[in-house]
There are 2 protein chains.
Amino acid sequence: MGKITMADVAEKAGVSKSTVSQFLNKRYHYMREDTRTRIEEAIKELNYQPNYLARSLKQKRTSTVGIIVGNIMHRFSTEVSRAVEDYFIQHDVHTIVCNADNNPEKEKKYIEMLRAKQVDGLIIFPTAPNLDIYQQLIRENYPVVFMDRKLSGLKAPLVASENNEATWSAIQHFIDQGHERIAIVTEPLTISTRLERRDGYKQALEENGIEIKPDFLVSAEIKQIQQELEKLFAIESPPTAILAGNDLLLIEVLKFAKEKNLKIGEAFALIVFDNIPFAHLVDPPVTTIKQSSYLMGERAAELLLKQINNQKIEALEMRFPCELIIRDSSKRLK
Amino acid sequence: MGKITMADVAEKAGVSKSTVSQFLNKRYHYMREDTRTRIEEAIKELNYQPNYLARSLKQKRTSTVGIIVGNIMHRFSTEVSRAVEDYFIQHDVHTIVCNADNNPEKEKKYIEMLRAKQVDGLIIFPTAPNLDIYQQLIRENYPVVFMDRKLSGLKAPLVASENNEATWSAIQHFIDQGHERIAIVTEPLTISTRLERRDGYKQALEENGIEIKPDFLVSAEIKQIQQELEKLFAIESPPTAILAGNDLLLIEVLKFAKEKNLKIGEAFALIVFDNIPFAHLVDPPVTTIKQSSYLMGERAAELLLKQINNQKIEALEMRFPCELIIRDSSKRLK
DNA sequence: TTGTAAGCGTTATCAT
DNA sequence: ATGATAACGCTTACAA
C-alpha cells in the first residue's frame with residue numbers, strides 16, 4: 001500500500017473527500033457527531049498524514065517563509081534567525097533559514113529556490129549586486145523585509161541597528177578614557193553597516209578635534225586582517241585602542257594579540273561590535289556593543305507577516321539602538 | 001495579471017504546455033531549434049518562475065530534506081548542519097534545519113511538519129520519548145539517519161562520536177598530569193552521549209585505581225549547574241580538575257570560576273568536550289575534545305541520500321574518533 | 001449535513 | 001517533434 005491519502009480515509013470512513021477535508025480544517029459546524037468520530041477513527045487506523053504540498057498548491061500559500069542571512073557564522077545572524085523562527089512558529093508559519101555566505105550568487109540562487117517553493121515572504125540581508133532582483137520583488141508586491149543593511153532606493157521595510165550612533169558612543173568612550181590613537185577594523189566597506197560604523201567613528205573623532213589618520217581605518221577581508229594588523233602596529237605611533245567591527249574580526253584581533261604577545265587592556269584597549277557569548281568570561285572581560293538582535297528579528301518577522309496578510313506598514317525604516325556594555329578591556333591603559 | 005504559469009509561457013510561445021515542460025527538463029532530444037528559442041524568449045519576457053510545489057506533487061519527491069538538531073545553541077549542531085547543507089546543495093537538494101531545543105514535543109511537531117511537507121528524508125538528533133515515532137518511520141521504510149545519540153533497538157544508520165574513548169583519554173591526560181580528584185560535569189544523563197562520556201570517565205579512573213566519588217559526578221540542567229558547582233567546591237577535598245561535558249557547560253564553569261575568583265589552571269585544571277571557537281585565544285588557552293562535526297555531517301548526509309536513492313547501506317553504526325587538543329588549561333597545577 | 005466536481009501548476013503517457 | 005489529457009492530493013463553490 002502506497003501513501004495514505006484523503007481518499008483512503010474518506011472510503012474507510014464511508015464519507016466523501018470533502019467531508020474529510022472539512023473535518024481536517026475544523027469546520028465542524030454542521031457535522032454530525034458520528035461522522036466526526038468515524039473520520040477520526042479512520043485517520044487513526046490508517047495513520048493518515050496530510051500532504052501540505054497539495055494543500056498549498058490549491059490554497060496558493062505555503063505558510064512558510066524564508067530568511068536569507070549574510071553569514072551564519074556571525075552570532076548576530078543566528079540570534080536574528082532564532083527570533084524570526086520563534087515568532088513565526090507561534091503563528092503557525094514555518095521558517096527556512098538559508099546562508100548566503102555573503103555571496104551574491106548564492107543569495108540569488110536561494111531567492112529563486114525559495115520563490116519556486118512558493119514561500120509566502122522573505123527576510124533578506126541584502127547585498128548590492130542583487131539590487132535589481134530586490135526591485136523586481138518589490139515591483140511584484142512580493143512580501144519582503146530587509147535586514148541589517150540598507151540599499152538606497154528600495155521601497156521596502158528595513159530593520160537595522162543604529163550603527164552610526166553606537167559606534168560614535170564607543171569611540172567617545174575611548175576618548176573619555178584618554179585615548180587619542182584609535183583604530184577601527186572592519187570588513188571591506190561594501191555594505192552600509194560597515195560604512196555607518198566607520199562614519200560614527202569619524203564623527204566622534206572630529207567632534208573631539210582628533211585628526212583622522214587613514215592608517216587607523218583598517219578594512220580588509222578576514223583572510224587579510226592579520227597582515228593589515230601587522231602594518232597597523234608597525235607604524236610609528238600605533239593605536240592604543242581598537243574597535244573591532246564584528247565578532248569574526250574580534251577573533252582575528254585576539255589571534256594577532258596572542259601571537260605578538262600584546263596583552264589586551266595593556267598594549268591596547270578593545271571594544272567589539274556584536275554580542276559575544278564569552279565576552280564577560282575572558283580575561284580581561286571585553287567591552288561590547290550589543291545589538292538588539294532578538295528584538296530586530298521579531299520586528300522583521302512581524303513586518304513580514306503584516307505584508308503577507310495585506311496589512312499596512314507604518315514606517316519603512318526601523319532602527320534599533322545598541323547598548324555599550326563597558327568592561328575592563330576598554331579601560332584606560334595601565 | 002496573476003502569477004505566470006507554464007500555460008502562459010506555452011501560449012506566448014505558441015506551443016503546448018508539454019513542450020514547455022520538456023524544455024524545462026532539458027529533454028531537447030527532438031526539439032526544433034526555433035521552438036526552443038521561442039520558449040526561451042517567452043520565459044525571459046514573462047519572467048516565468050516554475051512552481052516546485054506543483055512539480056513535487058506530481059513527482060512525489062521534493063528534493064528537500066530535513067535535519068532536526070537537539071539544540072542549535074551548541075556549536076556542534078551548527079557545524080553538523082552546515083556540513084549537511086553543503087553536501088546536499090551539491091546534489092541539488094535543499095535542507096531545512098529545525099531546532100528541537102531538546103524538547104521531544106517540539107521534535108515531534110517538526111517531524112510531522114517536515115513529513116507533511118513531503119521532505120524526502122530526515123536527519124534526527126533523537127530523544128528517547130519519541131522512540132515509537134522513529135520506529136514507525138523505519139517501519140515505513142522512510143529514509144532517516146540518526147545523529148549523535150544512540151537509541152537501542154533502532155534499525156537505522158547512526159552517526160556519532162566515540163564519546164567513551166574520547167572522554168577516557170581526556171581523563172587519562174588529567175591523571176598523567178598528576179590529578180586524582182577529577183570531576184565531570186554533564187547535563188542530565190538522559191541521552192546516550194552523556195552516558196558514554198560518563199562511562200569513559202569511570203573507566204579511566206578505575207583503570208588507574210582511583211576511587212570514583214559520587215560527588216564528582218555532577219549532572220544537572222544548565223540552570224542548576226551553578227548551585228551544583230557550589231556544592232562541588234564546598235566539599236572537603238574539592239576537585240583539582242574538571243571535565244565540562246559540552247560548550248554550554250563550559251560557559252557555566254567559567255562563570256562560576258569568575259564569580260568565586262578561582263583561576264583556571266591554578267585553582268583547577270579544565271578540559272571541555274566540544275570545539276570552542278575562542279578556546280585557543282583565552283587565557284589560559286583551554287584544552288578541548290574536538291568532535292569531527294563536519295565529517296559527521298557529511299557522512300550522515302551521504303547515508304541519507306543513499307537511502308533516498310534506494311541504495312544499500314553498509315554499516316548501521318558509524319563512530320567517529322575525537323581529537324584531544326591539549327592546551328594550558330589542563331596542565332599540572334602550579 | 002454531506003457529496004459532486006472543478007481546479008491549483010506541474011509531469012507523463014500516449015497519440016499524432 | 002509536439003499536443004491532449006489524465007493524473008498528483010487537496011480545497012471550495014455549489015448542489016443535493
Side-chain angles (χ1 to χ4, degrees), chain A residues 1-40 42-43 46-64 92 112-120, chain B residues 1-40 42-43 46-64 112-113 115-120:
Chain A
M1 156 109 78
K3 193 125 170 82
I4 305 299
T5 111
M6 222 170 68
D8 300 320
V9 176
E11 194 186 13
K12 178 127 195 161
V15 297
S16 78
K17 283 197 298 172
S18 33
T19 310
V20 177
S21 177
Q22 303 288 24
F23 172 86
L24 288 171
N25 293 290
K26 321 217 186 272
R27 308 302 301 149
Y28 309 121
H29 284 313
Y30 302 108
M31 203 175 303
R32 268 200 341 246
E33 185 63 29
D34 63 312
T35 3
R36 190 148 97 203
T37 55
R38 280 211 320 283
I39 296 176
E40 242 160 13
I43 289 179
L46 296 172
N47 187 27
Y48 165 73
Q49 312 271 156
N51 182 331
Y52 282 11
L53 244 45
R55 156 204 282 242
S56 300
L57 179 60
K58 179 68 197 179
Q59 292 191 155
K60 292 163 163 284
R61 63 138 55 198
T62 52
S63 292
T64 303
D92 285 311
E112 277 167 10
M113 159 312 243
L114 289 168
R115 293 217 59 193
K117 279 196 192 305
Q118 312 298 115
V119 300
D120 299 332
Chain B
M1 157 108 81
K3 193 128 171 80
I4 306 298
T5 110
M6 222 171 66
D8 300 320
V9 176
E11 195 187 11
K12 178 129 197 159
V15 296
S16 78
K17 284 196 297 173
S18 355
T19 311
V20 178
S21 178
Q22 303 287 26
F23 173 85
L24 288 171
N25 293 289
K26 322 219 186 269
R27 307 302 300 145
Y28 309 120
H29 284 310
Y30 301 109
M31 203 175 303
R32 271 205 332 252
E33 185 64 28
D34 64 310
T35 9
R36 190 148 95 201
T37 54
R38 280 212 317 286
I39 296 176
E40 242 160 13
I43 288 178
L46 296 171
N47 186 28
Y48 165 74
Q49 311 273 155
N51 182 332
Y52 283 10
L53 244 47
R55 157 204 283 240
S56 299
L57 179 60
K58 182 68 195 178
Q59 293 192 153
K60 289 163 167 281
R61 63 142 47 203
T62 52
S63 292
T64 303
E112 277 167 10
M113 164 303 247
R115 295 218 57 194
K117 281 197 192 303
Q118 312 298 114
V119 300
D120 299 332

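Convention: sequence-line order gives letters A, B, ...; per-chain numbering from 1. Keep in mind that what you see is a predicted model, and the values were worked out from it rather than measured.
Along DNA chain D, the nucleotide nearest to B/S18 and the one nearest to B/A54 differ in position, and the one closer to the 5' end is contacted by B/S18. Ranked by how close their nearest DNA chain D nucleotide is to the 5' end, B/Q59 and B/T19 are led by B/T19.
Rounded to a whole Å, the OH atom of A/Y52 is 12 Å from the P atom of D/dC10. The distance between atom CG of B/N51 and atom P of C/dG9, rounded to the nearest whole Å, is 7 Å. For the pair A/M6 CE and D/dT12 P, the computed distance is 11 Å after rounding to whole Å. Atom P of nucleotide D/dA1 and atom CZ of B/F23 are separated by 17 Å, given to the nearest angstrom. Rounded to a whole Å, the CD1 atom of B/I43 is 10 Å from the P atom of C/dT10. The CE-C1' distance, from A/M31 to C/dG3, rounds to 13 Å in whole Å. For the pair B/R61 CZ and C/dA12 P, the interatomic distance rounds to 12 Å; values are reported in whole Å. Across the protein-nucleic acid pair, A/I39 atom CD1 and C/dT1 atom P stand 14 Å apart, rounded to whole Å.
Nearest to the side-chain atoms of B/N25 among the listed nucleotides D/dT12, C/dT11, D/dG3 stands C/dT11. Relative to the side chain of B/S16, the nucleotides C/dT2, C/dT11, D/dG3 differ in distance, and D/dG3 lies closest. In this structure, of C/dT11, D/dT11, C/dT1, it is D/dT11 that holds the atom nearest to the side chain of A/K17. Residue A/K60 has its side chain nearest to C/dG9 when only C/dT1, C/dG9, D/dC10 are considered.
Not one N or O on the side chain of B/S21 forms a donor-acceptor pair closer than 3.5 Å with the backbone of B/K17.
Considering only heavy atoms from C-beta on, B/N51 stays 4.5 Å or farther from B/K3 through its side chain. By the 4.5 Å heavy-atom criterion applied to side chains, A/K12 and A/L46 are counted as neighbours.
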- Please walk me through it: do B/I43 and B/F23 pass side-chain contact (heavy atoms from CB on, under 4.5 Å)? CA-CA 11 Å; B/I43 288 178; B/F23 173 85; 3.7 Å; yes

- salt bridge (Lys or Arg N to Asp or Glu O under 4.0 Å) between A/R38 and A/D34: does it pass, once the steps are laid out? CA-CA 6 Å; A/R38 280 211 320 283; A/D34 63 312; 3.3 Å; yes

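Using a 4.0 Å heavy-atom cutoff across all strands shown, A/T35 reaches sugar-phosphate atoms only and no base atom. Across all strands, A/T5 comes closer than 4.0 Å only to sugar-phosphate atoms, never to a base (heavy-atom distances).
Contact check, B/R32 against D/dA1: no side-chain N or O comes under 4.0 Å of OP1 or OP2.
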